[in-house]
Protein chains: 2
Amino acid sequence: MPPTIYDIAREAKVGIGTVSRVLNNHPSVSEDTRARVLRVASRLNYRPHPYARGLASSRTNAILAVIPFFTTFFFHEIFQGVQARLRHLDWDIILYGVNHPDQVEASLRHNVLRNRVDGVLFFSMKMPERFAEQYLDQKTPIVLVDAYHKNFDSLTVDNLQGGYAATRHLLSLGHKRVGMLSANIESLPARDRLSGFKQALAEAGIPVDPSLIKSSASPKPDGFAHESGHAMMRQFLDMGSRKPTALVVSSDIQAVGALAALKEAGLRCPDDIALVGFDDIELAQHLGLTTIHQPMYEMGVLAAEILSERLHNPSQEITHKLFVPKLIVRETCGSEVSKRPATVEKHTA
Amino acid sequence: MPPTIYDIAREAKVGIGTVSRVLNNHPSVSEDTRARVLRVASRLNYRPHPYARGLASSRTNAILAVIPFFTTFFFHEIFQGVQARLRHLDWDIILYGVNHPDQVEASLRHNVLRNRVDGVLFFSMKMPERFAEQYLDQKTPIVLVDAYHKNFDSLTVDNLQGGYAATRHLLSLGHKRVGMLSANIESLPARDRLSGFKQALAEAGIPVDPSLIKSSASPKPDGFAHESGHAMMRQFLDMGSRKPTALVVSSDIQAVGALAALKEAGLRCPDDIALVGFDDIELAQHLGLTTIHQPMYEMGVLAAEILSERLHNPSQEITHKLFVPKLIVRETCGSEVSKRPATVEKHTA
DNA sequence: ATGACAGATGGAAGGGCTTCCACAAATTTA
DNA sequence: TAAATTTGTGGAAGCCCTTCCATCTGTCAT
């Protein structure tokens with residue numbers, strides 16, 4: 001049997017209350033006693049029993065991470081950030097992978113309402129409105145990462161800025177017929193990225209050509225998929241000479257599909273059609289994909305921090321943190337095209 | 001306050017013992033009582049408190065998953081399998097990501113010895129020998145996935161078979177100068193894959209040409225990295241006309257690096273050098289990489305099953321399950337080369 | 001009718017901790 | 001010196017369950 005505080009109390013010749021106080025760094029313990037208790041605890045190789053602790057204190061030292069399993073890529077890096085920050089707080093992370101949006105609500109109810117966890121990190125999915133409403137009288141903090149709801153702390157990326165930056169980049173390289181290959185515009189990120197695209201065009205005085213904007217109708221992961229990129233690129237290619245010379249793609253994974261379609265058609269990427277992706281998944285680097293980087297690791301770290309703060313101070317005001325994504329220039333836009341018009345721009349500027 | 005069994009007992013006019021028995025499907029409760037209790041429980045929206053349960057029964061309903069974070073790709077699928085199997089058992093998965101092998105032992109001690117979890121799934125890392133020894137008197141079951149130790153249940157892939165199959169494939173396509181781009185041979189999987197390679201050559205009566213075998217010296221993820229593939233492919237290319245016409249690569253991620261190196265050198269993949277990868281990570285599909293598929297999802301499911309069985313029957317004999325990996329033919333080996341020799345083989349057969 | 005036994009049930013004990021109240025001892029204040 | 005604090009300390013109570021033992025009721029064999 002593992003040692004309990006009773007064992008320690010006996011050996012150290014103190015009461016269990018004192019042992020508990022020592023272990024919890026309660027101030028009103030004399031230095032002598034504290035040292036003695038710690039020595040015994042260490043000698044006995046004592047570990048507090050987390051469940052007993054949780055039961056007595058109604059703190060669990062665990063958080064729940066609800067993540068979508070259907071969009072694989074996003075999460076690794078964020079999660080590393082989360083854990084890096086959480087580890088030394090000695091918190092456990094209970095992972096709940098969701099395969100289908102319908103499972104989201106069940107998972108929240110199941111875990112939050114059972115008081116199994118002190119807090120929740122909720123990733124990249126739509127917070128079910130019904131839950132959000134009923135949740136108001138709950139006290140378990142929930143932090144949304146890559147998701148937004150007015151009632152909860154959230155960390156999001158400025159998708160509009162991202163779409164804008166991607167488009168600006170293509171324009172600055174001299175492209176005139178810039179199109180957008182978008183995910184399902186039911187999805188808010190997809191909509192925002194598209195808005196950024198349009199805004200950049202507007203600023204450049206280029207009218208929006210609807211034939212150069214295609215968006216997926218797929219509901220599954222809202223069109224953020226390899227296949228959707230492939231299919232839509234095919235459509236663009238079918239436009240023949242009226243096809244765009246450059247495309248903003250609403251996610252890297254779609255860009256991968258688009259690249260495959262290009263290759264199949266015997267076309268080359270920077271030369272025939274230039275591409276900018278979105279996300280900067282690890283794969284993007286391997287493929288030399290120019291893209292919009294989301295600071296995932298940092299988001300993970302900050303998410304953990306915000307959750308931790310709210311745990312200590314539940315009444316603080318709700319914060320919504322917006323990250324600005326960054327353009328990463330690689331090969332899929334080339335630079336030859338850029339040379340001429342870029343200097344032109346400089347002249348005109 | 002959430003309702004407790006006392007609330008249910010009061011409302012259903014039974015004792016708490018009876019409530020507990022109903023909730024745990026204990027047989028000796030009359031149908032009437034059972035129904036009444038369940039009705040009240042459902043009306044009060046009762047959820048058992050997992051920590052109280054854990055404390056009283058010394059079962060935790062949670063398992064620990066120790067996974068390496070430094071090799072990103074492998075897990076998603078395995079993990080989905082694990083969760084698919086575990087979810088309906090109402091088990092929680094506590095995730096512990098390890099960034100450096102040194103953390104492995106700490107994580108095990110921390111969690112296993114605290115009785116925080118009922119069992120452990122341990123992925124893709126070397127079980128620290130010191131822990132394995134000391135562990136013998138422990139009762140928390142540990143199942144190794146993609147890892148091996150004689151004292152623990154394990155699920156592994158037959159890497160030798162995989163290397164063999166990959167090599168056979170290239171040979172059957174008519175390649176004579178087949179090389180191997182290997183990860184660090186400190187790593188057991190890397191060694192086994194290389195053995196399979198050699199065995200296939202031997203069977204085909206082709207002497208092993210040491211200049212056609214290169215292995216990474218990198219210790220980090222044992223050379224299973226993009227960069228290592230790139231660097232070693234450069235070395236192969238520097239061999240000029242003495243370079244291999246086909247390569248078995250010890251992981252897909254290295255193959256990606258190798259492909260990049262080829263592209264940079266202005267060479268084309270199936271034509272100049274054919275490649276077979278290993279792992280069949282999602283990316284492989286996108287890139288059309290011929291590779292050796294490891295049945296990850298199935299391994300996850302089975303891992304969960306084995307762990308569950310051992311939980312119910314701790315004394316059963318240790319099992320070591322070996323999965324046979326499968327060749328997935330895509331584009332990186334071409335098929336033109338194959339046509340001729342394949343028929344030749346048929347003639348001779 | 002009696003005893004033996006199975007089927008239901010109630011609830012005390014106990015799991016390992018935190019927290020609070022009571023109290024003793026040491027220290028300060030008047 | 002007495003009174004009032006302050007500082008440490010012990011341990012009961014309680015967190016919410018499971019489990020076990022005791023009890024009670026009915027059945028069945030005798």
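Lettering of chains follows the sequences in order, A, B, ..., and the numbering in each one begins at 1.
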- Can you tell me if CD on A/E186 sees more than 12 non-hydrogen neighbours from other groups inside 6.0 Å? no

- Reference residue B/F123; test side-chain contact (heavy atoms from CB on, under 4.5 Å); the match among B/V98, B/D146, B/V82: B/V82

- Query: Which residues in residues 17-25 of chain A have at least one heavy atom lying under 4.0 Å from any atom of DNA chain D?
  - Reply: A/G17, A/T18, A/R21

- Item | Phosphate-side-chain proximity, B/S28 and C/dA6, N/O vs OP1/OP2 below 4.0 Å | no

Could you tabulate the donor-acceptor pairs under 3.5 Å formed by side-chain atoms of residues 314-322 of chain A, not counting sequence neighbours?
unit_1	atom_1	unit_2	atom_2	d
A/S315	OG	A/N313	OD1	3.2
A/T319	OG1	A/D153	OD1	3.4
A/H320	ND1	A/S154	OG	2.7

- Query: Of A/L44, A/V37, A/L38, which is the lone residue that meets side-chain contact (heavy atoms from CB on, under 4.5 Å) with A/V40?
  - Reply: A/L44

- Message: Reading DNA chain D from 5' onward, which residue's closest nucleotide shows up sooner: A/E31 or B/R59?
- Response: A/E31

- Write out all pairs satisfying side chain to side chain donor-acceptor pair (under 3.5 Å) with one or both partners inside residues 57-69 of chain A, taking only residues at least two apart or from two chains. A/T60-A/D118

- Note on the structure: Scanning both residues in full, the closest heavy-atom pair of B/S187 with B/F224 reads OG-CE1, 3.5 Å

- Message: Would the distance check show the side chain of A/H149 and the main-chain N or O of A/F152 forming a donor-acceptor pair, the cut-off being under 3.5 Å?
- Response: no

- Message: Quick check on C/dT9: is either OP1 or OP2 less than 4.0 Å from any side-chain nitrogen or oxygen of B/T33?
- Response: yes

- When rounded to the nearest 0.5 angstrom, what distance separates CG in B/L307 from CG in B/L121? 5.0 Å

- B/S30: partners by side chain to side chain donor-acceptor pair (under 3.5 Å), with sequence neighbours left out: B/T33

Listed pairs, N/O of protein and of nucleotides 13-16 of chain C, under 3.5 Å:
unit_1	atom_1	unit_2	atom_2	d
C/dG15	N2	B/A52	O	3.4
C/dG16	N2	A/A52	O	3.3

- Which nucleotide span of DNA chain D, 5' end to 3' end, has atoms closer than 4.0 Å to non-hydrogen atoms of chain A? D/dG8 to D/dC16

- Quick one: does B/R36's side chain have a donor or acceptor within less than 3.5 Å of a partner on B/A12's backbone? yes

